[in-house]
Amino acid sequence: MIPSQAEWFQDRVETSRLAQLLASGGTAVVESADRVPTSGVLAGMGGVGKTQLAAHYARTAWEAGTLDVLVWITANSRSAVVAGYARAAVEILGVDPGGQEAAREFLAWLEPKSQPSPCRWLVILDDIADPVDLSGWWPPASPHGRALATTRRKDAALTGGGRRLIEVGLFTAVQALTYVTSALAAYGRIEPEEQLTALADDLGQLPLALSQAAAYIIDAGISCQVYRGLLADRTRSLADAAPDVLPDDQTHTVAAAWSLSLDRADTLRPAGLARAVLQLASAMDPNGIPEHALTSPPALAYLIARRARCDGHQAEYSVSGDKTRAALRVLHRLSLIEHSPDAPHPRIRVHQLVQRAIRESLSPIDRADMTRSAADSLLATVDEHRNDRADKDDFLANALAVIQNAQGDLWDPEPHPLIPQLGASLGADCQFDAALEHFRQLAKAANLRLGSDNRHTLATRHNLAYWQWRAGDLGSASTALVDLLGETQRVFGPTDHLTLATRRVLANVRGEAGEVATAVAELAEVLEDAVKDRGATDLFALDVRHNLSYWQGVAGDTTLATDGIKEVLSIRHQQIDPERMTEEEFDAILSGLTSLAEQCGRSGDAAGAVDQYAELAEGLGHYLGLNHGAVRSLRTSLAWWKGCSGDIAGAIAEYTALLEEESDLEAHHPNIRTLLHNLGYWKGKSGDLAGGIAILSDLLERELRELGPNHPDVRLTRLVLTRFHWAAGTVLQLPPREPATWHLM
């Protein structure tokens, strides 16, 4: 009994691949995958249409007259395989029913024999649950016979005996759109293409999910947009979005599609761990979960607790990173995840509907525990590779996914540290719009949940104002900080840390707005209060002292600034253990050394600044690599002071090289703007006024569009460009200007 063909069956690339592979005979194992590999075997999941592909091939071969015998066996256990063979022996050979004996006779009959008209046969073993079940029971290799198996597994045993794997992926975007359009149109339903495309994306192009969604829309008489709203409603489950009667003779809903595979995964070594690992992964980004997030100490603590709880014992279970990776391999073998352990950045990919089904299977208490553990796990990795582009992207995507999937679980009793950390990481990555929107939404949520005077609410307002400043919106930042300062002084007092931090940022904003004397005076007052309350060696007091020294240097007192920075560095060196230096401590030391080099240049010794920056860049480059963010920042400053020292050609060459290295960044990224501004400036200073004007004109147009006319970068670009236009007619010599970067942190 070949399964009937699904309505609106989609002809896919795997169809022709299967036909080509079996054209010369042999055995193929059809497995599911969400992308086609260049070699090896990659897994996917249930619901991608493996059985339908096998049925289509069998039906096509039979109708074409290329087969004399066709046997279809549902092979979800050894006993089912043996029973299927035995039944074939009875019907084809006329033997007496006899279990294994009859089954062996059938396999013996399939063995190739020398005869004038050999029998052409096809045996299909559908839905193999465990390769062990087929040990000793695979159909023989034959020039006249073919065998085809479907499975979610990808164990090495499947490819023995000359068998090859064929991957069946998800629908492509075009196939998904074609399928759902055709399915609805058959019932007179015409929906906007953008809604159908969005629905396919919501369901991750999974054929099973698309067919059940189309059936639900038709049965319920609702629009695609209404169905998408139902699907997005976190108070509803996947089961609520399934039709009462499943289409195409399907036997399980999307929500239940992977339950048997997960049950089996939990029985494989290391037993009892696969389910807990998948639970933790279900809170994160489906497109790429960094392996180290699932092997971090908080992740291991969660896995230990879950394993002990599910086993019914309270005893401690040892769960290591190696055991977790072994569990990931189990999930990979059963096509529940895709795991790439040998990649430069090992990641795990999980289909979004698998994740949702796992989350919905948990009780509210267990889901909250899982969500907080996932957040803890990500937070534990935030500083590991902070300047690695791929790891940074992984953290941002996964932090966003955890927060979006949390359903409030990260707000009991207060916001989890991952929530503000996401905003800070977005800002540190110069994604200012995203950071500001994050903190705006967080401020609203904190005010609603915790009240306007709560410390977390006021701290969120502080973060919002801080990133307004860093984004260049000095007016909004100043207004917000003045308002916040009044609130923090009223609620917590004048010397509370949040009050002092607000005063510190406000002073820096005023300095950047041109009120340098005010910045110096206010930072001196903040420093006095911080030292009185916390001591001169407190980390916050040292940060304030560093800021104060910076603005003293801007004000022209480079000697005082240099002495202050050296004193701060001396204290930091005494506090830090070089063997156990944290990222924060490393950044503080580097900031101090950078500031010293800058003060050297400000004092008139541009050549000395070049030497100091060159030494820092070379030393750090050997340690971190030339492409590390901190090293590129040093090289940017080095190029500026090269120009100031008279080596304008060297400055232009360095800025050109840095722009090429930053080619992966978006055109509006602040690093790109800085490099373009400084390159244009030194081009003009070199005598190539036309080249400088061309670069700066293009930059100004972009800045005006993206930043507005009052942004400091816009004002600086306009000023330099105006002078170059004037100089093009009068050859005016301009003194060196300050670089378009600040060193306040």
Side-chain angles (χ1 to χ4, degrees), residues 420-443 446 457-489 497-527 530 540 543-555 584 587-588 591 594-595 598 633 668-671 673-674 677 703 706-717 738-745:
Q421 180 61 56
L422 172 59
S425 296
L426 287 168
D429 196 40
C430 297
Q431 298 185 42
F432 296 127
D433 290 342
L436 292 173
E437 181 59 24
H438 177 79
F439 281 118
R440 287 191 189 99
Q441 295 301 322
L442 180 55
T457 303
L458 295 172
T460 300
R461 289 174 56 189
H462 175 275
N463 288 331
L464 175 58
Y466 174 84
W467 288 110
Q468 286 173 326
W469 161 48
R470 294 299 304 274
D473 188 357
L474 303 184
S476 296
S478 179
T479 300
L481 288 165
V482 170
D483 292 342
L484 177 62
L485 184 58
E487 296 295 314
T488 59
Q489 289 176 328
H497 177 71
L498 187 55
T499 301
L500 293 176
T502 302
R503 291 168 60 193
R504 173 200 172 200
V505 175
L506 180 58
N508 282 319
V509 169
R510 286 172 172 164
E512 194 161 329
E515 302 176 39
V516 177
T518 301
V520 170
E522 291 184 356
L523 283 169
E525 293 176 358
V526 176
L527 179 62
F540 176 77
D543 289 339
V544 177
R545 179 70 184 275
H546 178 89
N547 290 160
L548 173 60
S549 298
Y550 172 85
W551 288 113
Q552 287 171 333
V554 173
E584 185 176 2
D587 288 346
S591 179
T594 302
S595 293
E598 185 163 334
S633 178
H668 62 270
H669 194 284
N671 288 3
R673 294 202 306 266
T674 296
H677 177 276
E703 288 178 335
E706 296 169 356
L707 304 176
N710 296 321
H711 192 283
D713 289 357
V714 175
R715 293 198 298 267
L716 183 58
T717 302
E738 298 294 341
T741 54
W742 296 92
H743 303 281
L744 296 175
M745 299 306 296

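What you see is a predicted model, and the numbers here were worked out from it, not measured in a lab.
Nearest heavy-atom pair, F432 versus R470, reported as atom, atom and distance to 0.1 Å: CZ-O, 3.6 Å. T717 and H677 make their closest contact through OG1-CD2, 3.5 Å (heavy atoms, listed as atom of the first residue, atom of the second, distance). Closest approach of V509 to A477, counting heavy atoms only: CG2-CB, 4.4 Å. Taking each heavy atom of F439 and P420 in turn, the nearest pair found is CZ-O, 3.5 Å. Shortest non-hydrogen contact noted between V714 and G708 is CG2-O, 3.2 Å. Taking all atoms of both residues into account, the shortest heavy-atom contact from W551 to G511 is CH2-C, 3.2 Å.
With rounding to the nearest 0.5 Å, the separation of CZ in F540 from CZ in R504 is 6.0 Å. Here the CG atom belonging to L442 is positioned 4.0 Å from the OG1 atom belonging to T460, to the nearest 0.5 angstrom. Taken from CG in D713 to OG1 in T674, the straight-line distance is 6.0 Å, to the nearest 0.5 Å. Atoms CG and CG, on L484 and L498 in that order, are 6.0 Å from each other to the nearest 0.5 Å. Distance CH2/W467 to CD/Q431: 11.0 Å, rounded to 0.5 Å. We find the CG-NE2 distance between L422 and H438 to be 4.5 Å, quoted to the nearest 0.5 Å.
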*Test side-chain contact (heavy atoms from CB on, under 4.5 Å) on T488 and H462 and set out the steps.*
CA-CA 10 Å; T488 59; H462 175 275; over 6 Å; no
Sequence neighbours left out, cut at 3.5 Å: what donor-acceptor pairs do the side chains of residues 513-526 make with other protein atoms?
unit_1: E522; atom_1: OE1; unit_2: R510; atom_2: NH1; d: 3.1
unit_1: E522; atom_1: OE2; unit_2: R510; atom_2: NH1; d: 2.3

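By the side chain to side chain donor-acceptor pair (under 3.5 Å) test, N463 pairs with no residue at all, sequence neighbours left out. With sequence neighbours excluded, no residue forms a salt bridge (Lys or Arg N to Asp or Glu O under 4.0 Å) with R461. For D429, the salt bridge (Lys or Arg N to Asp or Glu O under 4.0 Å) partners at least two apart in sequence or on another chain are R389, K392. Applying the side chain to side chain donor-acceptor pair (under 3.5 Å) rule to Q489 yields no partners; only residues at least two apart in sequence or on another chain are considered. Qualifying side chain to side chain donor-acceptor pair (under 3.5 Å) partners for E437, counting only residues two or more places apart in sequence or in other chains: Q441.
Side chain of S425 to main chain of Q421: a donor-acceptor pair is present (N/O by atom type, distance under 3.5 Å, no hydrogens or angles). Between the side chain of T502 and the main chain of L481, no donor-acceptor pair closer than 3.5 Å is present.
The local environment of CG in D483 is crowded, with over 12 non-hydrogen atoms from other residues, nucleotides or ligands closer than 6.0 Å.
The closest side-chain donor-acceptor pair between S476 and Q468, if any, does not fall under 3.5 angstrom.
Taking the six-membered ring for Trp and thresholds of 30 and 60 degrees, W469 and Y466 have ring planes more than 60 degrees apart, a perpendicular arrangement.
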